Number of protein chains: 2
Amino acid sequence: MASARPAFRLIRPPFFQQSYAYRRPGADFFRPRFAPTAANRYVSDGVPPPPPPRGDARREGRREPPAKSGRPRPVWPSASCSLAPSYTPWSALRCRKKLRTRASSADTAGPQVTGEPEKLEAPAIAEQDALSKRESGVSQDSPMRLRMEAFIKEHQKIIVSELEKLDGKTFKVDSWERPDGGGGITCVLQEGNVFEKAGVNTSIVYGTLPRAAISKMRVNHKALDPDVDSLDFFAAGLSLVLHPHNPMAPTVHLNYRYFETSDKDGKPSAWWFGGGCDLTPCYLFDDDAIHFHRTIKEACEKHDKSYYPRFKKWCDGYFSNKHRGETRGVGGIFFDDLDETEKDQENLFEFVQDCLSAFLPSYMPIIRKRKDLPFTEKEKLWQQLRRGRYVEFNLVHDRGTSFGLNTPGARVESILMSLPLTARWQYMHEPEKGSREERLVNVLKKPVDWV
Amino acid sequence: MASARPAFRLIRPPFFQQSYAYRRPGADFFRPRFAPTAANRYVSDGVPPPPPPRGDARREGRREPPAKSGRPRPVWPSASCSLAPSYTPWSALRCRKKLRTRASSADTAGPQVTGEPEKLEAPAIAEQDALSKRESGVSQDSPMRLRMEAFIKEHQKIIVSELEKLDGKTFKVDSWERPDGGGGITCVLQEGNVFEKAGVNTSIVYGTLPRAAISKMRVNHKALDPDVDSLDFFAAGLSLVLHPHNPMAPTVHLNYRYFETSDKDGKPSAWWFGGGCDLTPCYLFDDDAIHFHRTIKEACEKHDKSYYPRFKKWCDGYFSNKHRGETRGVGGIFFDDLDETEKDQENLFEFVQDCLSAFLPSYMPIIRKRKDLPFTEKEKLWQQLRRGRYVEFNLVHDRGTSFGLNTPGARVESILMSLPLTARWQYMHEPEKGSREERLVNVLKKPVDWV
């Protein structure tokens, strides 16, 4: 029962006014396809952006100069361990707690023998990464861990900035670190002008998977070595959920993540990318579903013709309230476990970047069109019932949420920012025959190929 | 995705005006400690009821006369199979579907061979019970299955009737059967005068546990034979959740159930009772918690001095939002797996009867006192946030709900009647220092011994 003091410390810096440690001139190592200015123009005018400079830095072999010592450190959490809803095996937390215990007793009692040696060692990659970032920042040649971290944090800023422009109100930003290493950035806008609740989170996790967790994870991730007692791992992810006020405007969700394990020497042993996005309308406008799917399909097809149909189907299967025989919404894409058996790491990173960069173009035109449509009280009520379904999916079926909530010490408020502000459950509510509500339910029962 | 046509058929009889098949003069086989008239007086005046006639029928060896043939059958579902949230392994449903298939093809094609013989056989006990009830009703000498069914259905009527008197509005009653055997009675009052949402359900299940489910269940129920491929089982339960409008009035939950397995010859092989009740206030009145616990404690102590402290602790542990480090409310009792290693069946049935009979005396005085207290908008908002926590427990942690929702073909509306009408999730809401809200949260973090 007792949770004692929270396992994390909140810091609330005005960090959106700060520049990143890794954002230095010429550092286009993560191809900022949707850099603030270009993004604004694209999103505002609907004009496609110019083709991005692809791989210039790589070709030219540019690398950032090492940071000067004595330079003030960024408040923005860097090589720290944070709690991602989807990625925090509790062993990772225990590991940190035990480390602290050991450190405090080391001076007087010397090294302890606990019988759980694998949980006492800090993952080697965390220290490597922290050092590398401090000394030379993040570049094209940095490990994928640091490039993914830099990429998602950059996009978190861009997305939050665009949403603030649309809403007129600002996000509450909680950047938090755990005392013994770790942190995350949770941005939430609540009771805004356009959004009832909007959350945009990034999280970086360094942890250790114990044997039981490895066996469990192997079901979906065959690359994991089943013959080790524990595995250091890294995970970086951006996740986003937007619930607008207006029942005519759809909820949207997005999550992209990178996962890596390493052996005792800190050498990467397995890695994969995962993620997706999906649209959840309360009132269905076919145009919106078509636009959303078309934008994502274009991003997919730059990389592989098979991606969109495969990942669209996967999405319909995953984001499904199986107990109701309904999908959560009109879908999008979902994928997991994309590793070297699919494509090389560089290609897959580019694919994930394109997917994430497609988010604002896929959703902003829709929310602009729908946010001020008139609606009735009855329509608002229907929205609340659909919000209830959203809660059902997130709490009953979503593996990430369930895993996070069953993780002692996890930051519950970051995990549950995905829930709507309000929801409703009405016994035996059924939409009227021939109504728009009924049409939506029919589509959710039998997913449509929108493009 | 496709749920095709629902696996159950709704019938909505005016059954509260009907008498039960098993309620015949002198049939006090389930000791109606809280019979309608006595109950009314007790609940209204707070006067303890006279000591009940205990075991008269048993001593006198009374047994009901067999029903006359040609007498109209009760519309109230009798020896049927229903979907209890906690007790519907999907194998049971598959079993019924396959039976139907076989029956329809039997005339032309003869018996089918499918490779899953254990799922094709209807549990023998279902037919035995149906026959026995039709021929001689339910008596003191009937199997525990039928006595428990009769007892919970009787109490469902009593409780619904008392709640209707209090609220002034009537419950919507859905009595439903599955075409190939099965049914349940779901009573829901929504947007009443006192209750935002109130549900009182009974369900009777005859089904078959496959090997995997047996292994899983053995963790808590050691009496199960691990060396069989499948087991016929029976489960009967009453479950109840009341969410009042007024934030000063607490939500209450109750569930009592009987479970039995039988071998191929229809002989009982293992059985146990389980259940409990707990109180969930949004604003804590110590008097209410004390009264609730004292009433339950008295019921427990008639049977065993160790019951209350053991089951109170079990309740605090089970009804807990572990991810928040809070109990759901101020507790009550919870127990499971009470079998012959605890006490004999007759004793345990009496214990469960006393627990269920203590419900109205434990809750009605509280709701009467609190239902009309004045409250502010801010207090209503706090209630909505606490409702969110209730949803979290039910959807994330409650084993019965999760099992039910993951059961294809289950009646979702009956399972989710336990959810409040409305709920709210607000990012980083924290009660003010020294407020009543903060006091509640402190109590939930560190359960109190109320009596």
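The shown structure was predicted, so the numbers you read here are calculated from the model rather than taken from an experiment. Numbered from 1 within each chain, the chains take letters A, B, ... in sequence-line order.
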Student: Between Lys197(A) (side chain only) and Trp425(B) (backbone N and O only), is there a donor and an acceptor less than 3.5 Å apart?
Tutor: yes
Student: To the closest 0.5 Å, what do you measure between NE2 (His397(B)) and CG (Leu395(A))?
Tutor: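 Reported value, rounded in 0.5 Å steps: 9.5 Å.
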Student: What distance separates Glu392(B) CD from Asn394(A) CG, expressed to the nearest 0.5 Å?
Tutor: 11.5 Å
Student: What distance separates Leu421(A) CG from Gln384(B) CD, expressed to the nearest 0.5 Å?
Tutor: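 Between Leu421(A) CG and Gln384(B) CD, I get 10.5 Å after rounding to 0.5 Å.
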Student: Within this structure, what is the NE2-CD1 distance for the pair His323(B) and Ile415(A), rounded to the nearest 0.5 Å?
Tutor: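 If I round to the nearest 0.5 Å, the distance is 8.5 Å.
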Student: Below 4.5 Å from any heavy atom of chain B, which atoms of Glu191(A) appear? Answer side chain, backbone, both or neither.
Tutor: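 The side chain, not the backbone.
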Student: Side chains of Val412(A) and Arg324(B): does their closest heavy-atom pair fall under 4.5 Å?
Tutor: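 A side-chain contact under 4.5 Å exists here.
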Student: Any non-hydrogen side-chain atom of Met428(B) less than 4.5 Å from a side-chain atom of Val188(A)?
Tutor: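 Heavy-atom side-chain distance check fails, nothing below 4.5 Å.
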Student: Is it true that, when you exclude Lys380(B) itself, more than 12 heavy atoms of the residues, nucleotides or ligands shown sit nearer than 6.0 Å to its NZ?
Tutor: yes
Student: Which answer fits Gln190(A), side chain, backbone, both or neither, if we ask what part of it has an atom under 4.5 Å from a heavy atom of chain B?
Tutor: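 Gln190(A) touches chain B through side-chain heavy atoms alone.
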Student: Quick one: CG on Leu385(A) to OG1 on Thr422(B), what's the gap to the nearest 0.5 Å?
Tutor: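 Spacing of CG (Leu385(A)) from OG1 (Thr422(B)) equals 11.0 Å.
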